Every structure is written in C-alpha cells, then in structure tokens.
Q: 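For reference, the structure I am asking about is given below.
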Amino acid sequence: MGGDTLVPGSARLHLVDCLPLLRPEGQVFEAMLAGWRNQQLTRNLSFGYVSDQERTVRAFARHADGLPWEWAPQHVEEWSVDLRSVRGCARSTVRNYQGAVRQFCDFVTNPAYGWAEECLLRFGAHPVQVVHDCNAAVHADEGEGEPERRAFTRPELEAFFDYADEQVVRVRGKGRKGWLPTFGDATLFKTAYGYGLRRNETRMLNEVDFGPNPHGREFGD
C-alpha cells in the first residue's frame, strides 16, 4: 500500500495490514481524515484551516449518506444545490466547500497514500474524484460578494490609500505629535491589502513580524 516509503497521511501509518476492525467503514473514514489532517499539517497549513476543511468533508459525507468509496459526482451536485437553495450560502462559500471535498478526494485517490488500495481490499470499492470542472463553481467574477458587502474597486482603493496618505501629511504639517499613529494606520491598511490579510491576522501583527529585506536596502532596517 503506497510502497515501502511511508508519507504523512498514508494508510499504513493509520491502519494495520488486514487487521479486522470492529466498525470497519467508520474507522477507515476516521483514519482517512486523520491521515489527511497530518498531510495538511505537514504542509504548514494552519490548524484552523485544517479543522475547517475536515468539518466540510464530514458535512458532505452526512449529506451524501455515504463514505468516500461510495461517493459520486451526483452527490456533489445535490449537495451544492442544497447549499445554495436551502441554506442560502454565498457563491464563494459553495466554491470553498467544493474545494475542500476536491482536495480530500485528491488525497485519498493518490496512490502514494494507499487509501484506494486499502478500500478495495476491505470494501471491494475505492474512492474516486467527485468534484470536476463540469460540476464545480467557478471563480469568474472579480468581485463575487453580495452587493452590500462587495470588495472595493481599484479606483476606490486608490482613493482610499491616497486619503490615508493625505491625513499623514496634514497632521504632520500642523506639527502635531499624532502623525506617527496616523502613518501607522496608513501603513497597516496597505499591508493588509498587499498581503491579503484577514481581520484577525491584521489585528495580531507586531513589529517583530517584519524584518529587513536584503533586496530592498533602501528601506533600511
């Protein structure tokens, strides 16, 4: 199963060869999720992200009323319709959920991990990829959020950053001591935008998170 070299998340790291299981279907699924979790953490993905991915896959399994070796593309389509028409999820949310299932299927169908072979041995069936380009939401719009929560346009962003810079010049021109916090705010806005930071990530930034750039010596330390 997956060769002699064991990679993080492989079946042989989570199941003993041919050992009878008390609840084989559920135990193999849990072992798959544990293996996928290890594989993601090995890639330095955050614990929060990995947990969210796992919750999504579990939700899909409940909706499909089946386990990975029983899933079919039709289950994804029915689930996606339910997410949009019943639960009212945004298009971006549906796309993210589908992406989680796609990544999980990529993992369990990868020969390096041995899960397909393990399922075939125990259940006579193996998992397949069920999320394809033809049944997955596409990211076609630059701003696909709802109108009341849309992203800024490029001209609006430029106007916002220009205004922030103007406030620094205005406060400093008056000789007031508060220009440094104003400059910090302007820099923070640009940093959050430039690095795609979320609100909590931006809130937790510290000066120690930044260091000198050897390719930008003009910025000093």
Side-chain angles (χ1 to χ4, degrees), residues 40 43-57 59-60 76-77 79-106 129 131-221:
Q40 292 181 94
R43 293 160 51 202
N44 276 341
L45 299 178
S46 71
F47 286 93
Y49 175 82
V50 172
S51 296
D52 287 344
Q53 295 285 87
E54 180 179 331
R55 278 193 293 270
T56 299
V57 171
F60 173 67
V76 177
E77 294 154 18
W79 182 54
S80 301
V81 171
D82 180 74
L83 289 174
R84 291 207 64 187
S85 62
V86 178
R87 296 181 54 187
C89 292
R91 288 174 292 177
S92 58
T93 301
V94 174
R95 191 182 69 251
N96 290 337
Y97 285 177
Q98 291 174 345
V101 175
R102 187 200 292 262
Q103 291 179 49
F104 177 75
C105 289
D106 281 342
Q129 179 58 264
V131 182
H132 305 280
D133 291 342
C134 61
N135 69 344
V138 296
H139 192 177
D141 298 330
E142 181 177 353
E144 64 179 6
E146 300 302 322
E148 64 273 13
R149 296 172 55 189
R150 67 173 179 82
F152 286 164
T153 63
R154 188 173 295 276
E156 288 172 338
L157 280 170
E158 292 177 350
F160 174 72
F161 292 139
D162 287 345
Y163 177 81
D165 290 338
E166 289 169 3
Q167 297 310 300
V168 178
V169 175
R170 181 183 64 82
V171 175
R172 188 173 188 182
K174 293 182 178 181
R176 300 165 70 179
K177 295 182 179 180
W179 77 272
L180 276 176
T182 306
F183 177 72
D185 290 342
T187 303
L188 188 66
F189 293 140
K190 296 171 187 175
T191 301
Y193 173 73
Y195 290 93
L197 302 181
R198 298 181 179 180
R199 286 176 295 181
N200 196 48
E201 292 170 332
T202 304
R203 181 180 66 84
M204 297 180 67
L205 282 176
N206 291 303
E207 291 184 6
V208 295
D209 296 324
F210 299 90
N213 183 351
H215 303 292
R217 299 188 184 278
E218 65 272 20
F219 298 112
D221 294 333

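This structure is a prediction, so every number in the text was calculated from the model and none was measured.
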Q: Measure the spacing between CZ of F152 and CZ of F160 and express it to the nearest 0.5 Å.
A: 6.5 Å

Q: Using 30° and 60° as the class boundaries, would you call the ring planes of W79 and Y97 parallel, tilted or perpendicular?
A: parallel

Q: What verdict does the side chain to side chain donor-acceptor pair (under 3.5 Å) test give for R170 and Q167, after you've listed the backbone C-alpha separation in whole Å, the side-chain angles of each residue and the deciding distance to 0.1 Å?
A: CA-CA 5 Å; R170 181 183 64 82; Q167 297 310 300; 2.9 Å; yes

Q: Would you compute the distance between atom CZ of R84 and atom CZ of R87 and round it to the nearest 0.5 angstrom?
A: 13.5 Å

Q: V57 and A100: which non-hydrogen atoms are nearest, and at how many Å?
A: CG2-O, 4.0 Å

Q: Counting distance only, does the side-chain N/O of N96 pair as donor-acceptor with the main-chain N or O of S92 below 3.5 Å?
A: yes

Q: For F183, check ring-ring contact (aromatic ring centres under 6.0 Å, His included) against everything at least two apart and list the hits.
A: none

Q: Compile the donor-acceptor pairs under 3.5 Å between side chains in residues 192-199 and protein atoms, sequence neighbours left out, one pair per line.
A:
none

Q: Taking side chain as C-beta onward, heavy atoms only, is T202 less than 4.5 Å from L188?
A: yes

Q: So, using salt bridge (charged side-chain N to carboxylate O under 4.0 Å, His left out) as the criterion, who are the partners of E158 when residues are at least two apart?
A: none

Q: Shortest non-hydrogen contact from Q98 to A137?
A: OE1-N, 2.6 Å

Q: Output the distance between atom CD (Q53) and atom CG (L45), rounded to the nearest 0.5 Å.
A: 8.0 Å

Q: Just checking F161: does its CZ atom have more than 12 heavy atoms from other residues, nucleotides or ligands closer to it than 6.0 angstrom?
A: yes

Q: Measuring only between side-chain heavy atoms, which start at C-beta, is V169 closer than 4.5 Å to E166?
A: no

Q: Return the minimal non-hydrogen interatomic distance between R203 and N200, and the atom names on each side.
A: NH2-OD1, 2.6 Å

Q: At what distance, to the nearest 0.5 angstrom, does CZ of R172 lie from OG1 of T182?
A: 11.5 Å

Q: With sequence neighbours excluded, what pairs up with D165 under the salt bridge (charged side-chain N to carboxylate O under 4.0 Å, His left out) test?
A: K190

Q: Rounded at 0.5 Å granularity, tell me how far CZ in R102 sits from CZ in R95.
A: 11.5 Å

Q: Return the set of residues passing salt bridge (charged side-chain N to carboxylate O under 4.0 Å, His left out) with D82 (not counting sequence neighbours), or none when no residue passes.
A: none

Q: Nearest 0.5 Å, what's the CD-OG distance between Q40 and S51?
A: 9.0 Å

Q: State which residues pass salt bridge (charged side-chain N to carboxylate O under 4.0 Å, His left out) with R55; sequence neighbours excluded, sorted by chain then number.
A: D52

